[in-house]
Amino acid sequence: MKNWHFKNTDKSIFEKTGLIPRSILKMFENFKNQFDPIREQVVIEELRVSRYQTLSSIRFLFFICINTLFSNSFSRIFIFGPFIDYWWQNQEFVIFFNLSQQIRAFEDLQMFEEKLRFDILIGKEQTLSIKSINIKIKNKANEIAKHYNKETKDSIKNILSDTLGTLTFIALIRNNKRQLVLLYSVFNEILYGLSDTAKSFFIILFTDIFVGYHSSHGWEILIETLLRHLGIPENREFIFLFIATFPVILDTIFKYWVFRYLNRISPSAVATYRNMNE
């Protein structure tokens, strides 16, 4: 029984290693495939399948983006926009949607007043009476009030239209899971098909933009723009907390991806990335 076990073990080892190296066997196999009469048809069929998958993925991506943007813009211009404008005219609403708008409005009015007085002092503006100065300030205050009143209405429209656009995007994704899987496979094929230098270039570009030491300013501008777009108060503590945590989490996920997947699939690309990053 023991001898049979050792014979099988020796046989499995012999079959695993073999007398001829695998690389030479693979070379002869590839050489043999070059003279296969149906080789050309197989290659053409593979190219057709790849072309079909790529075009299908591009159409699907274009379809999702166009429908999401269309639902967002159409609902904002033709549905939520007229409804909010009509509703706003027949109701008494405050001008400011949040405290951040109010602070910015006060700063704008203060800046105008200081500029007006400065221009009078240097002779750029003619000398005005206190009453005339107050009239100019009042007109500017009304102009600022109209601006922030419109910004408040736009914020409500943005919230409603963006919500509908997001729901449309989610519905399209859920109803086209097969196309989503195909898009993911094509993306992986393109990504892993790049040269090691190209992979390293895009990795460094991505990390420097989103998780680099200087990316905090970009995140701050992006968050402030998003909060103003939705009419949410610009809380500085929240913004700084987000900048201090989210890029770190993103960097950790990225490093895990490099270690877990890219290092297994293309170790040479990881080595090139480390050399370029040093």
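Only heavy atoms go into these numbers, but all of them, side chains included; no hydrogens, no water, no symmetry mates. Small disclaimer: the values here were computed from a predicted structure and weren't measured.
Considering only residues two or more places apart in sequence or on other chains, Gln102 meets the side-chain hydrogen bond (donor to acceptor under 3.5 Å, both in side chains) condition with none of them. Asp108 meets the side-chain hydrogen bond (donor to acceptor under 3.5 Å, both in side chains) test with Tyr148; sequence neighbours excluded. Taking the side-chain hydrogen bond (donor to acceptor under 3.5 Å, both in side chains) definition, one finds that Asp119 meets it with Lys115, sequence neighbours left out. With sequence neighbours left out, the side-chain hydrogen bond (donor to acceptor under 3.5 Å, both in side chains) criterion links Lys146 to no other residue. Looking at residues two or more places apart in sequence or on another chain, you find no ring pair (Phe, Tyr, Trp, His ring centres under 6.0 Å) involving Phe259.
Identified under the ring-ring contact (aromatic ring centres under 6.0 Å, His included) test for residues 106-129, with sequence neighbours left out: none. Pairs passing the side chain to side chain donor-acceptor pair (under 3.5 Å) check and including a residue from residues 229-248, sequence neighbours excluded, read Asn158-His229, Asp162-His229, Glu220-Arg236, Glu224-Arg236, Arg228-Glu234. Evaluation of the salt bridge (Lys or Arg N to Asp or Glu O under 4.0 Å) test over residues 256-272, restricted to residues two or more places apart or in two chains, returns none. Within the structure, salt bridge (Lys or Arg N to Asp or Glu O under 4.0 Å) contacts touching residues 177-194 (residues at least two apart or in different chains) do not occur. For residues 54-65, every residue pair satisfying the side chain to side chain donor-acceptor pair (under 3.5 Å) rule, not counting sequence neighbours, is listed here: Ser56-Gln179. Applying the salt bridge (Lys or Arg N to Asp or Glu O under 4.0 Å) test to pairs two or more places apart or on separate chains, those with a residue in residues 64-76 are Arg76-Asp154.
For the pair Asn139 (side chain) and Ile135 (backbone), a donor-acceptor distance under 3.5 Å is present. In this structure a side-chain-to-backbone donor-acceptor pair under 3.5 Å is missing from Asn72 to Thr68. Trp219 places a side-chain N or O within 3.5 Å of a backbone atom of Phe210 that can act as its donor or acceptor partner. Checked by atom type and distance alone, the side chain of Ser185 pairs as donor or acceptor with a backbone atom of Leu182 at under 3.5 Å.
The 12-atom threshold is not exceeded at NZ of Lys136, counting heavy atoms of other residues, nucleotides or ligands nearer than 6.0 Å. With a 6.0 Å radius and a threshold of 12 heavy atoms from other residues, nucleotides or ligands, Ile130 has its CD1 atom at or below the threshold. For Tyr52, the OH atom sits in a loose shell: 12 or fewer heavy atoms of surrounding residues, nucleotides or ligands are nearer than 6.0 Å.
In this structure, Gly165 and Ser71 approach most closely via the heavy-atom pair CA-OG, 3.8 Å. Considering every non-hydrogen atom in both Asn67 and Leu172, the closest pair reads CB-CD1, 3.7 Å. Considering every non-hydrogen atom in both Ile209 and Ser215, the closest pair reads O-CB, 3.1 Å.
Here the CG atom belonging to Asn98 is positioned 7.5 Å from the OG atom belonging to Ser155, to the nearest 0.5 angstrom. For the atom pair CZ (Phe246) and CZ (Phe242), the distance works out to 5.0 Å, reported to the nearest 0.5 Å. Note that the CZ atom of Arg51 and the CZ atom of Arg48 stand 9.5 Å from one another [nearest 0.5 Å]. Rounding to the nearest 0.5 Å places NZ of Lys140 at 8.5 Å from CG of Leu109. To the nearest 0.5 Å, atom CZ of residue Phe96 and atom OG1 of residue Thr152 are 8.0 Å apart. With values rounded to the nearest 0.5 angstrom, Thr127 atom OG1 is found 9.0 Å from Ile133 atom CD1.
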Do Ile156 and Phe80 pass the side-chain contact (heavy atoms from CB on, under 4.5 Å) test, and can you show the C-alpha distance, the side-chain angles, and the key distance before you say yes or no? CA-CA 9 Å; Ile156 299 175; Phe80 299 125; over 6 Å; no
Output, in order, the C-alpha distance, side-chain angles, deciding distance and verdict of side-chain contact (heavy atoms from CB on, under 4.5 Å) for Leu226 and Ile232. CA-CA 8 Å; Leu226 179 62; Ile232 302 175; over 6 Å; no
side-chain contact (heavy atoms from CB on, under 4.5 Å) for Val211 and Phe254? Distances and angles first, verdict last. CA-CA 10 Å; Val211 296; Phe254 171 76; 5.8 Å; no
Start with the C-alpha distance between Val258 and Asn263, add both sets of side-chain angles, then the distance that settles side-chain contact (heavy atoms from CB on, under 4.5 Å), and finish with yes or no. CA-CA 6 Å; Val258 171; Asn263 194 35; 5.5 Å; no
Pair Glu151-Arg104, salt bridge (charged side-chain N to carboxylate O under 4.0 Å, His left out): steps then yes or no: CA-CA 12 Å; Glu151 185 177 299; Arg104 284 190 283 121; 2.8 Å; yes
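In the hydrophobic clustering of ILVMFWY residues, with side-chain heavy atoms under 4.5 Å counting as a link, Trp88 and Phe78 come out together. Leu164 and Phe74 fall within a single hydrophobic cluster, where Ile, Leu, Val, Met, Phe, Trp and Tyr are joined by side-chain heavy atoms under 4.5 Å apart, directly or via other members. Under a hydrophobic clustering in which Ile, Leu, Val, Met, Phe, Trp and Tyr are joined whenever their side-chain heavy atoms come within less than 4.5 Å, directly or via other members, Leu160 and Trp87 fall into the same cluster. In the hydrophobic cluster analysis, where Ile, Leu, Val, Met, Phe, Trp and Tyr join through side-chain heavy atoms closer than 4.5 angstrom, Leu227 is grouped apart from Leu99. Side-chain heavy atoms closer than 4.5 Å link hydrophobic residues (I, L, V, M, F, W, Y) into clusters, and following such links, even through other members, never connects Phe63 to Ile170.
Between Leu61 and the options Val186, Leu183, Leu180, Ile66, a side-chain contact (heavy atoms from CB on, under 4.5 Å) holds for only Leu183.
Ionic pairing of Glu114 and Arg117 is not present here: no N-O contact between side-chain nitrogen and carboxylate oxygen is shorter than 4.0 angstrom.
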Please report, to 0.1 Å, the donor-acceptor pairs under 3.5 Å made by any side chain of residues 197-207, with sequence neighbours excluded.
{"unit_1": "Lys199", "atom_1": "NZ", "unit_2": "Tyr192", "atom_2": "O", "d": "3.2"}
{"unit_1": "Lys199", "atom_1": "NZ", "unit_2": "Leu194", "atom_2": "O", "d": "2.6"}
{"unit_1": "Ser200", "atom_1": "OG", "unit_2": "Asp196", "atom_2": "O", "d": "2.9"}
{"unit_1": "Ser200", "atom_1": "OG", "unit_2": "Ala269", "atom_2": "O", "d": "3.3"}
{"unit_1": "Ser200", "atom_1": "OG", "unit_2": "Tyr273", "atom_2": "N", "d": "3.1"}
{"unit_1": "Thr207", "atom_1": "OG1", "unit_2": "Ile203", "atom_2": "O", "d": "2.9"}
{"unit_1": "Thr207", "atom_1": "OG1", "unit_2": "Ile204", "atom_2": "O", "d": "2.9"}

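Ser132 and Ser129 share a donor-acceptor pair across their side chains, judged by distance under 3.5 Å alone.
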